[in-house]
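Scroll down for the structure; my scribbles are underneath it.
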Amino acid sequence: MAYRVIDHIHGFKKQKFDTSLEATEIAFKLAKLQTIFNGKRIHISVMSGRKQITEINIRQEEVR
C-alpha cells in the first residue's frame, strides 16, 4: 500500500512511501521546517488512499 503526505495549506504533495512510519516521519520533518520558516498555520496529513492516518494541525499566534 502506498502512503502520501499532503500539505493542505501550501499544496505540497509527496507520494509513494512504502510504510506509514516513513510517511509520518516526513510529515513531522515538514511540519518542523514550516514552523521555523512560515510560522502561522500548519495542516499536514498522511493519507492511505482516501483514509487519513495522521493529521498535524497547528495554529500559532504571536503574544506581545
Side-chain angles (χ1 to χ4, degrees):
M1 182 174 291
Y3 297 90
R4 57 194 166 119
V5 176
I6 299 174
D7 180 349
H8 298 281
I9 296 175
H10 300 99
F12 173 80
K13 293 182 182 181
K14 180 73 176 175
Q15 296 188 13
K16 296 190 180 179
F17 292 101
D18 294 329
T19 65
S20 63
L21 181 63
E22 183 181 15
T24 302
E25 183 179 323
I26 296 298
F28 276 107
K29 286 181 182 180
L30 180 61
K32 182 179 177 181
L33 285 173
Q34 287 187 1
T35 301
I36 293 169
F37 294 110
N38 293 331
K40 297 199 181 201
R41 184 148 189 256
I42 298 165
H43 187 194
I44 299 172
S45 296
V46 176
M47 305 291 288
S48 172
R50 291 186 176 192
K51 184 178 178 186
Q52 184 177 29
I53 304 295
T54 305
E55 179 182 30
I56 304 169
N57 193 359
I58 302 169
R59 292 182 185 174
Q60 299 183 49
E61 298 179 16
E62 286 188 33
V63 179
R64 294 180 185 197

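Since the model is a prediction, treat every value here as computed from it, not as a measurement. Basis for what follows: all heavy atoms, side chains included, without hydrogens, waters or symmetry-related copies.
No continuous path of hydrophobic side-chain contacts links L30 to L21 [ILVMFWY only; heavy atoms under 4.5 Å].
Checked against H43 for a side-chain contact (heavy atoms from CB on, under 4.5 Å), the options I56, I6, I9 give a single hit: I9. Tested against R41, the residues H8, Q34, R59 include a single side-chain contact (heavy atoms from CB on, under 4.5 Å) partner, R59.
The distance from the CE atom of M47 to the CZ atom of F17 is 14.0 Å, given to the nearest 0.5 Å. Taking OG1 of T54 as the start and OH of Y3 as the end, the distance is 10.0 Å to the nearest 0.5 Å. If you take CZ on R4 and NZ on K16, they are separated by 12.0 Å, rounding to the nearest 0.5 Å. Note that CD1 of I53 and OG of S20 are 6.5 Å apart. Values are rounded to the nearest 0.5 Å.
In terms of heavy-atom proximity, V5 sits nearest to A23 at CG2-O, 3.3 Å.
Of the N and O atoms on the side chains of E55 and S45, not one donor lies less than 3.5 Å from an acceptor on the other residue.
Between the side chain of T19 and the backbone N or O of E22 there is at least one donor-acceptor pair closer than 3.5 Å.
Here the side chains of N57 and I42 are not in contact, with every heavy-atom distance at 4.5 Å or above.
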